Amino acid sequence: MNVNALSCFLRHQFISRSIVVAGTIIFSPLTYAAEYTHTVDLANQTINANDSIKTTDIHGIISGSSDTTGLQLGSGKIGVTVNGAPANNDTPVIGINLVRSASPSHALGTGSSINVSGDYHAYGVRASDNIHVSGSNLTINTQGVNSTYGIVGGTNGVLNLGADSVINTTSSTGLATSVTVASGGSLLADNLQVVTTGGFNNTTSILTTATSAAGTTVELGNGGKIVTVSQTDNDNSSAAIATNGNTVLKANGLVIESTNAYGIRVNGGKANINLGNNSYISTTGNDSSGISLGGAVQGSDLTANGLTISTTGQYAYGLNLNTGTNRVNLGSHSSITTTGNNAHGIWYIGSSGMKFDADALTVHTKGDSANALEIGSGTMTIGGGSTLISEKTGGVKASKLSLSKDAPTVNINDTKIISWGQAVSAQQAGTVVNLNRVDASALGSTYGFWAAASGVINATDTSLLAQNSYAMVANGGGQINLAGSVNIETDRMAMIADSSTSWIKGNGLMQINGDLQAQNNGLIDLTMTSGSALTGMTNQSSAGLLNLAMENSRWNMTADSVVNNLQLTKGSTVAFTGTTTPNGTLRVTHLSGDGHFAMRSSIVEGAGDLLSVSGTTTGNHQVSVLNNGSEATNGTEVLTIIETADGGGNFALTNKVELGGYLYDLQQTGNDWQLYASGTVPPKPDPEPEPTPDPDPTPDPTPDPGTNKPNPPITSTANASANSLNVGYLMNYAETQTLMQRMGQLRTDGIDGNLWLRGYYGNFTSFGRGKLSGFDMTYNGVQLGADKQWQSASGMMYLGAALGQSNSNQDYQNGDGDMRNRHVGLYAGYLDNSGLYIDTLLKYNRMRNEINVKDTAGNGVDGSASSNGISLSVEAGKRFHFTPENSGFYIEPQSQLTVAWQDSSHFKNSNGLKVDLSSYTSTLGRAGGLIGYEVTEGATPVNFYLKSSYVHEFNGDADYRLNGNKEAHSFKGDWWANGVGASVGIGKQHNLYLDLEQVSGSQFRQSQINGGYRFSF
């Protein structure tokens, strides 16, 4: 073997049937891969699998016009490395230069690598017109200084990169393009990986350059990732994918990451872009939108499902849909996020006929002046489950941005909108935003819904939360129409209509928390269906009109308000709930229906809520005035609460009004309606001549006894509290009315002392006359006592002590009460042998009263008070027997004088009413007697008797004060007390007795049963 042959053997590997040495093929039984150091011209040489070219020439492989076979590697692979040094700046360095050949198809094999580096211009692969290039799992690395290209196809050429190809293109100071698809050409790939880094503008990973006559096709299959980095800010020339002319782009699950470059940019012509499912686009840099559809010719379409777009930078829109856009369909669950000032989520100002559709779309913008959606023309429809968020600006802005285009129509359904600017705005004539089941929030100092310059917002089943914002504003001809269920919550104005052609109209179930303002001829017209509620004030200014029609609804009026037409039906309520003082005013031009007005008053100060109707008044209306037990009324006050111009309509209280301790009613006086104390005659509004005296004048209603003064009735709370006077009086009377039962047990000879127990039960009804009358009282009590007796020749003396407790329950007309009276007493007496006796009792009691009643509005009121008392009773009588042995029938005349003093007490009731009860002194005189039959002999002495007495109250004057206003009361009266009783002795030490008594008189009726037991020793 010669030296040259040995050298060739050592330089090559054994792989096949031939050996190529320095471009010369040597036939032999075995062939080895060749390594070329100079350009390979396929017209003269053949490249085989596993060959490699490493050269400093300006071309690695060239297929010129003389080439008849082209590059045909099949499934094989080669390596091409070119690091050329051209003689001038205009000469490119090219890895594989496919200029022209008889065979227009070139197969670059599977797994081939092409590495090109040039000082000025560098191409990885360049193919001329009509050339088809195919390969798979290719690696193309291209580096240049001024301009660098990965693979460039010619007109009508095909670039089929198969699966898993990788293209890396870098230019240190110039432009860089990884793949160029010329007019009529196509790019086919699957899971293509592209990294493009440019040192200047015009950095593009995939570029199509179709003319208007022919289009291009880019089909990227499944997966794939495109990374595009421009070293300078985008000047609208850099993009991961840029289309020029008519282009079809298809991909599925594609990932695009761009820096200072668009994700996808359509510039001229029509583009049909289909990103399939779950593609992802991320851009960083100013003016670097995720997808930008432009061009002068309408027809570009975008289709995707589950698309994610994320941009960072000023004016880096998520979707930039300009003129030329025809239809966009983002399918379901797409997401757009932008971070940067003026970086709108979707900028939609394309052609008039363009359409946009998306379901379950999420748009989130985070920069100043970055709306979630900004629409200038066409039709946009956002479907269910969508969320639109703008952290610093508006949610949805619809505005006709060009006079040459139609105004936009926006349909948003089942969507949540959160913004720190206007949640939704419609601006300029013809602009329409339709909201259906939208939940919107405006959290900045602006408007929630804004219809301006003749724009229209139609909202159905929609809620709006506006913090530090006006909720709804219609001005400059803007119109807002509400329907269905509408909820508005704001800490400022809920609605403002401003200008003669602006209105806010609504019909449906409304929950509005905020004020309403119609101004400068603007109109607010609301029909609020059953269950609606308005909390806020209303106002009309500068010829503005505000109409409310309410059906079974409630208006909580928080400040003075003005309404043009107010129609209240099916029990709708207007509640004056404004200022801390009850002096709100509602001014209505025309009132109709059958409403309810819930009002307040401070009648002592002559102030109160006022309804003023300046036009027509019709219908039957209910009025309730808030009970206020704390007012210091005296029952003479009068207050006008309703003013009408025509005296029409009818107003009636739902219940009498409790003000302080008195009841007030409503009465028409002229055209007005006034509160006045029930039972009094309200004063005339104007003085009238004195009438001719009536020979038989009718007194004022319910006068005080012996006077002609008005006597206004008191409230249930006042009645129950003041009746504690009666309760205490009656309870003391029940405890000390007679000592007969006790004396009946003491007339036994040979007794040194007694222990006794006494119980009683009874009831009082219909006590007194006038204001403190008409209650029932049941009571029970127990007394325990002990005494010592001393016998003398002339008679018997005794001294004892007793203690006890009485309990009573009162049944008032509007409630009940209970009383507990604990007492302790000392008693003494003398029984003469002649039958004459004197008994005395000194008693101290501690009484506590509690009440629990309802006022006229059905509200529960409770209160309590306590007082102390002392009483002294003296009884004298004599028993006359008809037999010498003091047995059989007898009569016993008797008299009794009881003087009692009860201290004052003070009720502080839960409704604010203070009732002060005076102390009083009672002086009761009783004269009467009994007829009895007594058996003294034997082991079981028995005594039966009938009794009757006349009782007279000599004193008993008292008073009570209702919040300081004095009312007189008296216990004076007469009554008869009748009864029957019996006592039975058992042996010498035991005695039982039972007594029944009834009282009937001018003040009360009483029934009582007494029973007791005595043990003698």
Side-chain angles (χ1 to χ4, degrees), residues 731-760 781-806 821-846 868-879 886 892-901 922-926 930 932 934 936 941 943 945 947 949 981 983-993 995 1010-1017:
M731 200 69 256
N732 277 322
Y733 172 75
E735 291 172 348
T736 61
Q737 60 178 320
T738 179
L739 298 178
M740 181 182 296
Q741 296 88 349
R742 196 175 302 111
M743 288 303 302
Q745 302 176 56
L746 302 179
R747 295 170 185 152
T748 304
D749 295 334
I751 300 301
D752 293 330
N754 299 283
L755 287 176
W756 56 267
L757 179 67
R758 175 186 178 218
Y760 47 92
V782 63
Q783 293 175 333
L784 176 65
D787 52 64
K788 173 66 176 173
Q789 297 185 5
W790 294 272
Q791 299 289 336
S792 67
S794 61
M796 176 190 70
M797 296 181 61
Y798 65 91
L799 178 65
L803 55 88
Q805 176 174 304
S806 299
N821 191 33
R822 293 173 177 172
H823 57 271
V824 60
L826 297 175
Y827 60 90
Y830 172 75
L831 175 62
D832 190 78
N833 291 334
S834 66
L836 177 68
Y837 66 89
I838 298 176
D839 295 313
T840 61
L841 171 67
L842 179 64
K843 184 184 72 167
Y844 164 79
N845 68 286
R846 171 70 175 174
N868 302 305
I870 190 169
S871 60
L872 175 64
S873 178
V874 178
E875 181 183 16
K878 183 174 181 179
R879 180 171 296 183
N886 294 334
E892 184 178 312
Q894 43 182 234
S895 64
Q896 182 180 3
L897 180 66
T898 302
V899 179
W901 175 83
S922 167
T923 304
L924 280 175
R926 181 176 67 87
L930 56 84
E934 184 175 20
T936 58
N943 181 23
Y945 57 86
K947 62 180 181 177
S949 298
S983 63
V984 178
I986 303 174
K988 294 290 186 178
Q989 292 184 304
H990 305 283
N991 185 275
L992 298 175
Y993 83 92
D995 182 89
N1010 306 285
Y1013 166 75
R1014 174 192 58 125
F1015 174 74
S1016 301
F1017 55 89

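The structure presented is a predicted model; accordingly, all values stated were derived computationally and were not measured. The first residue in the sequence is number 1, and the count goes up from there.
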* Min side-chain heavy-atom separation L831-Y798 under 4.5 Å -> no

* To do: For the pair F1015 and H990, name the ring-plane relationship: parallel under 30°, tilted 30 to 60°, perpendicular over 60°.
  => tilted

* To do: Could you tell me which residues satisfy side-chain contact (heavy atoms from CB on, under 4.5 Å) with L826, sequence neighbours excluded, listed by chain and number?
  => A801

* **Set of side-chain contact (heavy atoms from CB on, under 4.5 Å) partners for L784, sequence neighbours left out** => L757

* Rounded distance [0.5 Å steps], CG in L803 versus CD in Q783 -> 9.0 Å

* S1016 and N991: side-chain contact (heavy atoms from CB on, under 4.5 Å), yes or no, with the steps? -> CA-CA 8 Å; S1016 301; N991 185 275; 5.9 Å; no

* Not counting sequence neighbours, which residues clear side-chain hydrogen bond (donor to acceptor under 3.5 Å, both in side chains) with S806? List them please. => E735, Y760

* Would you kindly say whether E892 and Q894 are connected by a side-chain donor-acceptor distance under 3.5 Å? => yes

* **Intermediate values then yes/no, side-chain hydrogen bond (donor to acceptor under 3.5 Å, both in side chains), Y945 and D995** => CA-CA 9 Å; Y945 57 86; D995 182 89; 2.7 Å; yes

* To do: Report yes if the side chains of T898 and L841 come closer than 4.5 Å at any heavy-atom pair, otherwise no.
  => no

* Asked: Does the side-chain contact (heavy atoms from CB on, under 4.5 Å) test come out yes or no for N943 and E934, once each step is laid out?
  -> CA-CA 4 Å; N943 181 23; E934 184 175 20; 3.9 Å; yes

* **Minimum heavy-atom distance L755-A786, with the two atoms named** => CD2-CB, 3.3 Å

* Rounded distance (nearest 0.5 Å) linking atom CD of E875 with atom OG1 of T840 -> 10.5 Å

* Listed by chain and number, what are the side-chain contact (heavy atoms from CB on, under 4.5 Å) partners of S794, not counting sequence neighbours? -> S792, Y830, D832

* Heavy-atom side-chain proximity of V874 to V899 below 4.5 angstrom -> no

* Asked: Could you give the distance from CG (D839) to CD (Q896), rounded to the nearest 0.5 Å?
  -> 9.0 Å

* Asked: Does any N or O in the side chain of N833 come within less than 3.5 Å of the main-chain N or O of A793, such that one atom is a donor and the other an acceptor?
  -> yes

* Q789 CD to M796 CE distance, which is reported to the nearest 0.5 Å -> 4.0 Å

* Structure fact -> In terms of heavy-atom contacts, Y837 and K878 come closest through CE2-N, 3.9 Å

* To do: Applying side-chain contact (heavy atoms from CB on, under 4.5 Å), name anything that partners N868, two or more places apart in sequence or on another chain.
  => Y844, R846

* To do: Measure the CG-OG distance between L897 and S873 for me, rounded to the nearest 0.5 Å.
  => 7.5 Å

* To do: Using atom types as modelled and distance alone, determine if a side-chain donor or acceptor of S922 lies under 3.5 Å from a backbone N or O of A900.
  => no

* To do: Not counting sequence neighbours, which residues clear side-chain hydrogen bond (donor to acceptor under 3.5 Å, both in side chains) with S871? List them please.
  => none

* Asked: Atom CG of L842 and atom OG1 of T736: how far apart are they, to the nearest 0.5 Å?
  -> 11.5 Å

* Structure fact -> All heavy atoms of Y827 vs all of W756, minimum pair found to be OH-NE1, 2.7 Å

